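See structure below.
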Amino acid sequence: MKKHWWHKATIYQIYPKSFMDSNGDGVGDLKGIISELDYLKKLGITAIWLSPVYQSPMDDNGYDISDYEAIADIFGDMADMEELLAEANKRHIRIIMDLVVNHTSDEHAWFVEARENPSSPERDFYIWRDQPNGLKSTFSGSAWQYDEASNQYYLHLFSKKQPDLNWENADLRQKIYDMMNRWIDKGVAGFRMDVIDLIGKIPDQEITGNGPKLHDYLKEMHQASLLNKDLLTVGETWGATPEIAKQYSNPDNHELSMVFQFEHIGLQHKPNAPKWDYETELNVPALKEIFTKWQTKLELGQGWNSLFWNNHDLPRVLSIWGNDGEYREKSGKAFAVLLHLMRGTPYIYQGEEIGMTNYPFADLTEIEDIESVNYAKEALEEGQDLESIMDSIRAIGRDNARTPMQWTAGQQAGFSRADKTWLPVHPNHEAINVEAALADSESLFYTYQKLVALRKTQDWLIDADFELLNTANKVFAYKRRTADESYLIVVNLSDQVQPFELAVEGEVIIGNTCVETVSKTKQLQAWDAFCLKI
Ligand code: GLC
């Protein structure tokens, strides 16, 4: 199998509004990111996935783009972006841009023209119908918005300020590839493709994900923009199965480097229930089954997967599945060890490496995210009580991941000198912050640092096969084996002591516990985790 740089990479995701504010307006910005590149270098990551920094009215925090080739004023300007690319490059950190091309903002020039001038070529860049059908928006309500001037409806699978692009239009597709090429010329190392599985939709048949032309479009995009450039392309593919993942990421197919699929995250919801029907009890047997499926069915050379617990759309894993109290650091290490020693490219979401937690949102006035706001509005109208709505938002709302990065124990966690930040700083920043993490050689940060370093040097992380071991329900243990090496990874995913017979001896590669004690007592303590070379 031909190996690429991203097989050995760990990616760090930055949510620009919340990473570092350099100008004191309470919102993070590009200069802020530049000022913390040395911190990221210390962590050792290979690349940054930069959530959108393009010009945008910020209805969905930048996932509604009004100009793909300008930078939002709140983040800086193109000179700052170029400086970020140059400064990151000096530190051997690559920049992966978020590519949001399923939709634009309704303030994008194309949509403005399409709306004002129904006979313009831009009209067909979007999806217009005389009558709405049953398609629903991810952000509540119908996916169709009435446009009075033309007496037609346009499709928006997200907010009504995010009209869907019509990928059937070849001129539109070419404009997108040209735009990508200009970013590639600026020196970006790849793209994270937002809800890319939706671009092949057939609205009239209510087909949204995995539409019939999806893979043709991706092959065309590859030819037009990606061929022979050794870029990292990762598709956000919610409903992918291992079979579908191979379509996207088998190198012979010339589509994407890897998928970013959410099957394990599905366990945060009740089976077959809507998103807001959350489940905080981690179903470990189901988690084992899902990971084993992906580790074994996406054969080496046939496709590639991403490994993650967190991103900007998810609750903090420590709060939903870990223990964000007594075992905060220890459960954080357990999740990190479990994930980072599997096959795939690991992603760290800002703050994960210091064990940031969900935020105790008091009421709706503290909620910013359009998805949560719309959900609350709709649920209230349907007569649900406010407290149960708030419980859902507190458990899995997207704002949890978006509160400012906690740099210090000081004012606004060192994130900003503003009196008020765009989302509140978590009160636990007094204990949980970068400064404290760096000062403690046993902190979660250093576990991540070590895992990132292992990823770069240990080829078995790519090559070795995967075998799930038969253990107590709450223990996740697996072996990775190559022709001449074997590794054992054992993690107790619970607050309770668990039985575990360690039948082998070996060199400890990484862990958060004393392996000799595990061996002697035949028990794992709460959140014990380790990897042995056996
Ligand atoms: C993706 C993004 C999410 C955004 C949505 C619409 O799922 O990760 O943040 O709201 O697409 O662009």
Side-chain angles (χ1 to χ4, degrees), residues 49 52 63 65 68 96-104 110 124-129 133-138 143-144 154-158 162-181 190-227 229 231-263 265-266 294 297-298 302-306 311 313 344-345:
W49 152 18
Y63 285 90
I65 298 171
Y68 291 102
I96 313 288
M97 295 301 271
D98 216 313
L99 184 76
V100 188
V101 290
N102 173 66
H103 44 265
T104 64
W110 297 337
D124 190 51
F125 287 7
Y126 297 88
I127 298 167
W128 302 88
R129 294 290 182 271
N133 63 11
L135 281 176
K136 293 269 173 261
S137 155
T138 304
W144 297 97
Y154 65 84
L155 182 72
H156 61 91
L157 292 176
F158 295 90
Q162 292 165 299
D164 277 58
L165 286 166
N166 174 22
W167 273 73
E168 302 231 356
N169 184 302
D171 293 339
L172 165 76
R173 298 202 302 275
Q174 191 56 49
K175 282 190 190 297
I176 290 173
Y177 309 148
D178 292 346
M179 172 273 286
M180 290 170 67
N181 287 336
F191 300 98
R192 175 268 183 184
M193 301 188 186
D194 191 66
V195 290
I196 201 68
D197 54 344
L198 299 180
I199 62 171
K201 65 184 76 75
I202 311 188
D204 297 328
Q205 294 173 31
E206 301 197 14
I207 294 173
T208 52
N210 297 313
K213 293 217 188 124
L214 167 63
H215 296 280
D216 292 343
Y217 295 151
L218 289 176
K219 286 187 174 66
E220 182 185 78
M221 176 194 281
H222 193 281
Q223 285 297 320
S225 301
L226 308 169
L227 196 65
K229 290 180 186 156
L231 301 173
L232 183 163
T233 49
V234 49
E236 187 196 21
T237 55
W238 277 84
T241 59
E243 280 314 308
I244 296 177
K246 283 180 220 177
Q247 277 181 277
Y248 286 113
S249 64
N250 185 319
D252 296 338
N253 283 356
H254 302 290
E255 295 188 17
L256 304 177
S257 318
M258 67 187 90
V259 295
F260 197 95
Q261 57 75 31
F262 293 78
E263 192 173 352
I265 298 297
W294 281 94
K297 294 223 163 132
L298 204 60
Q302 305 285 300
W304 196 255
N305 198 3
S306 304
N311 78 9
D313 294 329
T345 296

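Here the structure is a predicted model, which is why all the values come from computation and not from measurement.
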Self-check item: Pairs satisfying salt bridge (Lys or Arg N to Asp or Glu O under 4.0 Å), at least one member in residues 234-244, at least two apart
Solution: Arg192-Glu236, Glu243-Lys246

Self-check item: Distance (rounded to the nearest 0.5 Å) between Asn305 CG and Met258 CE
Solution: 9.0 Å

Practice problem: Measure the NE2-OG1 distance between His156 and Thr138 for me, rounded to the nearest 0.5 Å. | Solution: 10.5 Å

Self-check item: Partner set under side-chain hydrogen bond (donor to acceptor under 3.5 Å, both in side chains) for Asp197, not counting sequence neighbours
Solution: none

Self-check item: Heavy-atom check, side chain of Met193 versus side chain of Thr237, under 4.5 Å
Solution: no

Quiz item: Partners of Lys136 by side-chain hydrogen bond (donor to acceptor under 3.5 Å, both in side chains), sequence neighbours excluded?
Solution: none

Quiz prompt | Which atom of His215 lies closest to which atom of Glu255, heavy atoms considered | solution = ND1-OE1, 2.7 Å

Quiz prompt | Close side-chain approach of Trp110 to Leu165, heavy-atom, < 4.5 Å | solution = yes

Self-check item: side chain to side chain contact (heavy atoms under 4.5 Å, CB included) partners for Asn166, two or more places apart
Solution: Asp124, Ile127, Glu168, Asn169

Quiz item: Are any side-chain N or O atoms of Asn253 and backbone N or O atoms of Gln247, one a donor and one an acceptor, separated by less than 3.5 Å?
Solution: yes

Quiz prompt | Separation of Gln162 CD from Leu157 CG (nearest 0.5 Å) | solution = 10.0 Å

Quiz item: side chain to side chain contact (heavy atoms under 4.5 Å, CB included) with Asn181: which residues, sequence neighbours excluded?
Solution: Ile184, Ser225, Lys229

Quiz prompt | Nearest-0.5 Å distance that lies between atom CD1 in Ile199 and atom CD1 in Ile176 | solution = 7.5 Å

Quiz item: Can any side-chain N or O of Glu206 pair as donor or acceptor with the backbone N or O of Asn133 at less than 3.5 Å?
Solution: no

Practice problem: Could you list the residues that satisfy side chain to side chain contact (heavy atoms under 4.5 Å, CB included) with Ile65, not counting sequence neighbours? | Solution: Tyr54, Tyr68, Val100

Quiz item: Can you find a side-chain donor-acceptor pair between Gln223 and Tyr177 that sits under 3.5 Å?
Solution: no

Quiz item: Which pair of non-hydrogen atoms, one from Gly303 and one from Ser249, has the smallest distance, and what is that distance?
Solution: CA-OG, 3.2 Å

Self-check item: Exam field: side chain Thr208 to backbone Leu198, donor-acceptor pair closer than 3.5 Å
Solution: no

Quiz item: Which pair of non-hydrogen atoms, one from Trp144 and one from Arg129, has the smallest distance, and what is that distance?
Solution: CH2-CG, 3.4 Å

Quiz prompt | With Tyr126 via ring pair (Phe, Tyr, Trp, His ring centres under 6.0 Å) - residues at least two apart | solution = Phe111

Self-check item: Non-neighbouring partners of Ser257 that pass side-chain hydrogen bond (donor to acceptor under 3.5 Å, both in side chains), sequence neighbours left out
Solution: Thr233

Self-check item: Non-hydrogen side-chain atoms of Met180 and Phe191 separated by less than 4.5 Å
Solution: yes

Quiz item: Taking only residues two or more places apart in sequence or in another chain, which ones pass ring pair (Phe, Tyr, Trp, His ring centres under 6.0 Å) with Phe260?
Solution: Trp49, Phe262, Phe308, Tyr347

Practice problem: Return the minimal non-hydrogen interatomic distance between Asp171 and Phe125, and the atom names on each side. | Solution: CB-CE1, 4.3 Å

Quiz item: Where do Gly235 and Ile196 come nearest, in terms of heavy atoms and distance?
Solution: CA-CG2, 3.8 Å

Exercise. Mind checking side-chain hydrogen bond (donor to acceptor under 3.5 Å, both in side chains) for Tyr217 and listing every partner two or more places apart, or none if nothing turns up?
Key: none

Exercise. List for me each residue that meets ring pair (Phe, Tyr, Trp, His ring centres under 6.0 Å) alongside Phe158, sequence neighbours excluded, and say none if there are none.
Key: His103, Phe139

Quiz item: What distance do Leu298 atom CG and Asn250 atom CG have between them, rounded to the nearest 0.5 Å?
Solution: 9.0 Å

Quiz item: So, Trp304 side chain and Pro251 main chain: donor-acceptor pair closer than 3.5 Å or not?
Solution: no

Self-check item: Residues which pass side chain to side chain contact (heavy atoms under 4.5 Å, CB included) with Glu263, listed by chain and number, not counting sequence neighbours
Solution: Gln261, Ile290, Lys293, Trp294

Quiz item: Hey, are the side chains of Asn102 and Asp194 touching, using non-hydrogen atoms and a 4.5 Å cut-off?
Solution: no

Self-check item: Minimal non-hydrogen separation, Leu231 against Leu226, with atom names
Solution: CD1-CD2, 3.9 Å

